[in-house]
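Here the structure is laid out as structure tokens; the discussion comes afterwards.
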Amino acid sequence: MTAPHHEIRALHTATTVTVYQAYQPAIGLPAARDGRFPALWKRDRMTWIKPSFLWMMYRCGWAKKEGQETVLAVEITREGFDHALANAELSHYVRGVHPDRATWQRDLRRAPARIQWDPERDLHLNPLPYRSLQLGLSGGTSRRYADEWTVSIRDVTPLAGEIHALVRAGQDEAAAALLPEEQPYSERPDSRAPRPAVPAVPAVPARAQDGPPNPQVRIANTPSSPAPAER
């Protein structure tokens, strides 16, 4: 069964959602050791979180890119994740979704979070015909992510290396068995956050920082082109 073109998929529990980021060891290793982001992590900058493990692997090149050698699995509260979604704006203008470009630009400047849809990736990091969510957090939302919403931080760089080694050896089935079990994400029934109006966005390049008739996504630091550097 083909996944919906725009759908949030994540490793999640009844109370938390796991997202991924990649950093230089000076940030990533202390974060994993202490379970919180160190002072070196700038809380006044926009940061992009990714619920898709394989999209993170695409972004960081299996943790081989400079400045992205440490991959973190950051478990955050569902309340925080839902809050960011509910207050997010699309990272680029879509005719038929936004009243006009000026309104979108105004709303984007005010929004504490940004939504970007990019092609999901397979084990070989090839694009798939459906999209993966990236969520950009700025200002107070970025600080709340680091200091309030974060429940735990794990270094999954060894896991990335193990999966990559299996892929390179042609053992795709064994590699797939090690992937996090990402499932369609839905809000908690008792969530107070309104379901965000996230348009089904066509494949249009976004303006990077670090589908129109149906304005509702199936709710179940990185835009597509060009991609910003990790924090």
Side-chain angles (χ1 to χ4, degrees), residues 1-10 12 17 19-20 45-52 54-56 58-59 76 78-122 125-142 144-145 182-189 191-229:
M1 180 177 178
T2 304
H5 195 61
H6 294 84
E7 178 183 58
I8 299 174
R9 296 170 298 278
H12 57 86
V17 182
V19 296
Y20 300 94
R45 288 181 54 189
M46 175 167 281
T47 190
W48 290 85
I49 58 178
K50 305 112 181 135
S52 168
L54 283 175
W55 206 97
M56 184 71 261
Y58 165 73
R59 179 67 183 89
I76 65 174
R78 287 181 73 126
E79 288 87 352
F81 189 70
D82 289 348
H83 175 82
L85 284 175
N87 291 279
E89 177 57 84
L90 279 172
S91 61
H92 64 283
Y93 170 74
V94 179
R95 186 186 302 272
V97 170
H98 302 101
D100 52 65
R101 187 175 294 274
T103 299
W104 163 74
Q105 290 175 332
R106 181 199 65 204
D107 292 344
L108 185 65
R109 286 193 299 269
R110 295 175 177 176
R114 298 182 181 188
I115 284 174
Q116 172 75 33
W117 293 102
D118 291 296
E120 182 60 280
R121 301 286 160 165
D122 65 15
L125 307 185
N126 297 314
L128 292 170
Y130 49 90
R131 298 268 156 165
S132 179
L133 173 76
Q134 292 185 75
L135 190 58
L137 310 175
S138 63
T141 304
S142 179
R144 293 186 69 187
Y145 163 71
E182 296 166 3
Q183 299 294 330
Y185 178 79
S186 59
E187 294 170 343
R188 288 171 38 179
S191 173
R192 295 185 179 180
R195 179 169 294 196
V198 183
V201 184
V204 179
R207 289 180 176 83
Q209 191 270 331
D210 174 72
N214 178 9
Q216 196 80 19
V217 67
R218 282 188 56 174
I219 299 296
N221 304 336
T222 307
S224 57
S225 175

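With a 4.5 Å cut-off on side-chain heavy atoms, S52 and R121 do not count as touching. Counting heavy atoms from C-beta on, the side chains of L90 and D107 never come closer than 4.5 Å. Looking at L135 and V19, their side chains never come closer than 4.5 Å, going by heavy atoms from C-beta outward. In this structure, the side chains of R131 and P119 come closer than 4.5 Å at one or more pairs of heavy atoms.
With S142 contributing its side chain and R45 its backbone, the two residues share a donor-acceptor pair below 3.5 Å. For the pair W117 (side chain) and E7 (backbone), a donor-acceptor distance under 3.5 Å is absent. Here the side chain of N126 pairs no donor or acceptor atom with the backbone of D122 at under 3.5 angstrom. When atom types are taken as modelled, the side chain of H12 and the backbone of P184 share a donor-acceptor pair closer than 3.5 angstrom. Proximity of a side-chain donor or acceptor of H98 to a complementary backbone N or O of V94 within less than 3.5 Å is detected.
Of all heavy-atom pairs between A111 and S138, the closest is O-OG, 3.9 Å. Scanning all heavy atoms of the two residues, the minimum distance from W48 to K50 falls at O-NZ, 3.0 Å. Heavy-atom minimum distance, L133 versus P51: O-CD, 3.2 Å. Annotation for P129 and H5: closest pair O-ND1, 3.1 Å, computed over non-hydrogen atoms. Scanning both residues, P112 and N87, for their nearest heavy atoms gives CD-O, 3.3 Å. When all heavy atoms of R9 and E182 are compared, the closest pair comes out as C-CB, 4.3 Å.
Take R109 and apply the side-chain contact (heavy atoms from CB on, under 4.5 Å) test, not counting sequence neighbours, and it matches Q105, R106.
If you take CG on L108 and CZ on R114, they are separated by 4.0 Å, rounding to the nearest 0.5 Å. Taking CH2 of W55 as the reference point, atom CG of L128 lies at 13.0 Å (rounded to 0.5 Å).
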